[in-house]
Engineer: 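Just passing along the structure, written as structure tokens.
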Protein chains: 2
Amino acid sequence: MTETVVDRRTLRREETRAEIVAAAWDLAREHGLAAISMRDLGARVGMRAPSVYTYFESKDAIYDAMFRQGYEQFLEWMADAAADARDADARVGVTPALARARAHAHRFFAFCTADPVRYQLLFLRTLPGFEPSAQSYALAVRALEQGADEYAAMGITDPDALDLSTALLTGLTSQQIANDPGGDRWERLLDRAAEMLLRELAPDLLTDRDHPTMRRT
Amino acid sequence: MTETVVDRRTLRREETRAEIVAAAWDLAREHGLAAISMRDLGARVGMRAPSVYTYFESKDAIYDAMFRQGYEQFLEWMADAAADARDADARVGVTPALARARAHAHRFFAFCTADPVRYQLLFLRTLPGFEPSAQSYALAVRALEQGADEYAAMGITDPDALDLSTALLTGLTSQQIANDPGGDRWERLLDRAAEMLLRELAPDLLTDRDHPTMRRT
DNA sequence: GTCTATAATCTGATAGAC
DNA sequence: GTCTATCAGATTATAGAC
């Protein structure tokens, strides 16, 4: 009986923690990532500032929870990219590898532009003084590994493939967010960028229609 | 006689303004762009906070002066890229266009990684609430036009050339600054990236050694 | 669990003496 | 031209009542 009570308490606590993190995202989107205050944050969830400290030991712990949640969302979101590629695969004149590369590019771009503040926290790392905990940072490493696996499954062995494509994709995203928010000036270039990348990394995947790039499905 | 006195005063004033802006850069590099305070800034130049307001009407005016100075430095720095290309041109197996594209990439990369805080202010625009004045923003526009002229001089007419290359170059730079500061993990990829870009935008410039790409020199 | 009260400190900006 | 003094807040975080 005592165990059940403890579990219910823990559950309730986790719910409130999640509520606080959600409110922190809202505030960050409204006023900027660095402009979150414990007062405002508390007010958003119907508390005063000191009560927030019952759930997070410091402001940095809240940023860390945001960082962690952001990468969890990223991992989940990118895992679905293969499905996109399957859908796009039916198009004429496009190899399975190109369809997959394009789908990947659009997936990544959509995730980033959907929430520029999240993009800033996860990929730009311009929040002064903040360093993610080892536990949260491990998620960022796993995201990178997931990208490497994706390339391996496509048959791309070039060791620079991941670094070159993250650079190009984050670059397109950054430019879109900073210089044409809400527009499509750089989004338009995604298909072309994906093709350029594939031509550089594995040109045979651009012509050979029977290459086993969908091994994972 | 009166005129001379006025000129000396104006000159002295401009010197102090420059001193304050230099101190602001120092503070930004040490504690982050958003963490500049008027008190600290004054202390750096041997003043109290209120005296700084004699030279700049607000904190935003100081950010604007930094933004402006950063783009002035950028314009000057990139104008010298043609000289780099001339030096690199002697290399075997490289067309003048490729030498030029590579030199441009390295120039841009060096400018950005030399001062990540400046890069953040000029290209990332993540300083919450800050908008450059029309006068300062005009410099940013001119920088972009200078890039467009560079491509035109190389004979590249593709209208997406500039957007695609700024995306790739800022991407490589961002990744280097955020994920491997002081290292060369993305710097190593610059030559390859420049070649990939040129192959996409004007493949003939990669093979035709007699193309008039050095028209400007 | 949440509160009030408060410590201790920081912030941008202004008034007015010298 | 620079200062002191100060306004009118803001900030993170803690102590202790309820």
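So that the names make sense, note that chain A is the first sequence line, chain B the second, and so on, each numbered from 1.
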Engineer: Do you see a donor-acceptor pair shorter than 3.5 Å between the side chains of B:Tyr119 and B:Thr170?
Structural biologist: no
Engineer: Measure across B:Leu33 and B:Tyr63 and return the closest heavy-atom pair with its distance rounded to 0.1 Å.
Structural biologist: O-OH, 2.7 Å
Engineer: Check A:His106 against A:Leu190 and note the closest heavy-atom contact, atom names and distance.
Structural biologist: ND1-CD1, 3.5 Å
Engineer: For DNA chain D, find the residues of residues 13-29 of chain A with a heavy-atom distance under 4.0 Å and give them by number; none if there aren't any.
Structural biologist: none
Engineer: Could you check whether any side-chain N or O of B:Arg17 sits under 3.5 Å from a backbone N or O of B:Tyr55, counting only pairs where one atom can act as donor and the other as acceptor?
Structural biologist: yes
Engineer: Whole Å only: how far is the CE atom of A:Met47 from the P atom of D:dT12?
Structural biologist: 16 Å
Engineer: Using a cutoff of under 3.5 Å, can you pull out all pairs of nitrogen or oxygen atoms linking the protein to nucleotides 8-11 of chain C, with atom names and distances?
Structural biologist:
unit_1 : atom_1 : unit_2  : atom_2 : d
C:dT11 : OP1    : B:Ser37 : OG     : 3.1

Engineer: If I compare all heavy atoms of B:Leu122 with all of B:Phe67, which pair ends up nearest, and what's the gap?
Structural biologist: CD2-O, 3.5 Å
Engineer: Specify the closest pair of heavy atoms between B:Arg44 and B:Ala23, including all atoms of both residues, with the distance to one decimal.
Structural biologist: CB-CB, 3.7 Å
Engineer: Rounded to whole angstrom units, what separation is found between the CZ atom of A:Arg12 and the C1' atom of C:dT2?
Structural biologist: 13 Å
Engineer: Which heavy atom of B:Val21 sits nearest a heavy atom of B:Ala65, and at what distance?
Structural biologist: CG2-CB, 3.8 Å
Engineer: Should the pair B:Asp158-A:Arg192 be classified as a salt bridge under the 4.0 Å nitrogen-to-oxygen rule?
Structural biologist: yes
Engineer: How many Å lie between CD on B:Glu57 and C1' on C:dG12, as a whole number?
Structural biologist: 13 Å
Engineer: For DNA chain D, which residues in residues 48-56 of chain B have a heavy atom at a distance below 4.0 Å?
Structural biologist: B:Arg48, B:Pro50, B:Ser51, B:Thr54, B:Tyr55
Engineer: What are the two closest heavy atoms between A:Glu187 and A:Gln176, and how far apart are they?
Structural biologist: N-OE1, 3.2 Å
Engineer: Please confirm whether B:Arg118 makes a cation-pi placement over B:Phe74, using NZ or CZ under 6.0 Å from the six-membered ring centre and within 45° of the ring normal.
Structural biologist: no
